[in-house]
> 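Please read through the structure below; I'll follow up with questions.
Just the heavy atoms: all of them, side chains too, but no hydrogens, waters or symmetry mates, feed the values below. It should be emphasised that the depicted structure is a prediction, and the values quoted were computed from it without experimental measurement.
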Amino acid sequence: MLNKVRAWDYNKMAAYLQEKFQGNPNPNMLPQFARRMQALMLTQPRYTRADLKKIQCPTLIMSGDHDFIKLEHSNYIYSTLPNGFLSIIPAGTHYCIKEKYTVVNATIIDFLKWKAEKVNRY
């Protein structure tokens with residue numbers, strides 16, 4: 001995946017983003033946005049295992065089961081966080097927040113309303 005990101009053509013990526021997110025208020029900024037996305041994807045995040053273990057607040061990790069983020073990576077983050085919670089969206093891609101918004105929104109609302117309690121992991 002990272003090799004694909006390194007090889008991005010910014011104009012093609014801008015056209016893709018324009019198609020994917022129709023109604024963008026400033027399409028002329030999309031090539032610059034694509035460059036920033038590329039830099040972010042190639043350099044971030046840089047959390048170590050020790051960094052993740054320091055995060056004490058309840059944290060929801062959400063991925064699609066067809067996401068380009070590997071399930072193993074989402075599970076690693078979830079299982080490393082002391083108060084991590086994991087939600088895998090069925091038939092969800094990296095864009096499931098847009099494509100499966102009813103499931104995503106319901107999951108987030110439930111998580112925010114839930115009184116976080118210590119849950120034993122099995």
> Is there a chain of hydrophobic side chains (I, L, V, M, F, W, Y, each step under 4.5 Å between heavy atoms) that links Ile88 to Ile77?
yes
> Show me the pairs that pass salt bridge (Lys or Arg N to Asp or Glu O under 4.0 Å) and involve residues 31-50, at least two apart or across chains.
none
> Can you tell me how far NZ of Lys54 sits from CG of Leu81, rounded to the nearest 0.5 angstrom?
13.5 Å
> Calculate, to the nearest 0.5 Å, the distance between atoms CD1 and NZ belonging to Ile108 and Lys113 respectively.
13.0 Å
> Considering all heavy atoms of both residues, which atom of Ile89 and which atom of Ser87 are nearest to each other, and what is their separation?
CD1-OG, 3.7 Å
> Minimum heavy-atom separation for Cys96 and Gly92, please, with both atom names.
CB-CA, 3.8 Å
> Crowded around Phe111 CZ? As in, over 12 foreign heavy atoms under 6.0 Å?
yes
> Write down the atom of Gln38, the atom of Arg6, and the distance for their closest heavy-atom approach.
NE2-O, 3.3 Å
> Check whether any side-chain N or O of Asn83 sits under 3.5 Å from a backbone N or O of Gln56 as a donor-acceptor pair, and report yes or no.
yes
> Counting only heavy atoms from other residues, nucleotides and ligands, does the tally under 6.0 Å from CG of Leu52 exceed 12?
yes
> Do Tyr47 and Leu71 sit in one hydrophobic cluster, given that two such residues count as connected whenever their side-chain heavy atoms are within less than 4.5 Å of each other, even indirectly?
yes
> If you draw a 6.0 Å radius around CE in Met41, do more than 12 non-hydrogen atoms from other residues or ligands fall strictly inside?
yes
> Give, for atom OH of Tyr16 and atom CH2 of Trp8, the distance between the pair rounded to the nearest 0.5 Å.
9.5 Å
> Between Asp51 (side chain) and Thr48 (backbone), is there a donor-acceptor pair under 3.5 Å?
yes
> Hey, quick one: are Val104 and Leu112 part of the same hydrophobic cluster, counting side-chain heavy atoms closer than 4.5 Å, chains of contacts allowed?
yes
> Out of curiosity, Ile97 CD1 to Thr107 OG1, how far, rounded to the nearest 0.5 Å?
11.0 Å
> Within the side chain of Thr93, is there an N or O that forms a donor-acceptor pair under 3.5 Å with the backbone of Ala91?
no
> State plainly whether one hydrophobic cluster holds both Met62 and Tyr76, where clusters connect Ile, Leu, Val, Met, Phe, Trp and Tyr through side-chain heavy atoms under 4.5 angstrom apart.
no
> May I have the step-by-step check of side-chain contact (heavy atoms from CB on, under 4.5 Å) for Asp9 and Met13, ending in yes or no?
CA-CA 6 Å; Asp9 175 315; Met13 180 53 71; over 6 Å; no
> Before giving the answer on side-chain contact (heavy atoms from CB on, under 4.5 Å), spell out for Phe33 and Met37 the whole-Å C-alpha distance, their side-chain angles and the decisive distance to 0.1 Å.
CA-CA 6 Å; Phe33 178 69; Met37 275 182 44; 3.1 Å; yes
> On a heavy-atom basis, which atom in Tyr78 and which in Gly84 lie closest, and how many Å separate them?
CE1-O, 3.3 Å
> Surrounding CD of Glu19 (heavy atoms of other residues, nucleotides or ligands, distance under 6.0 Å), is the total greater than 12?
no
> Can you find a heavy atom in the side chain of Cys57 that is under 4.5 Å from one in the side chain of Ile55?
yes
> Any side-chain hydrogen bond (donor to acceptor under 3.5 Å, both in side chains) pairs touching residues 60-70, not counting sequence neighbours?
Ser63-Ser74, Asp67-His94
> Checking Glu72 side chain against Ile69 main chain: does a donor-acceptor pair fall under 3.5 Å?
no
> Any salt bridge (Lys or Arg N to Asp or Glu O under 4.0 Å) involving residues 95-112? Give me the pairs, sequence neighbours left out, ordered by first then second residue.
Lys20-Glu99
> Report whether Leu40 and Val5 are members of the same hydrophobic cluster (ILVMFWY, side-chain heavy atoms less than 4.5 Å apart, transitive linking).
no
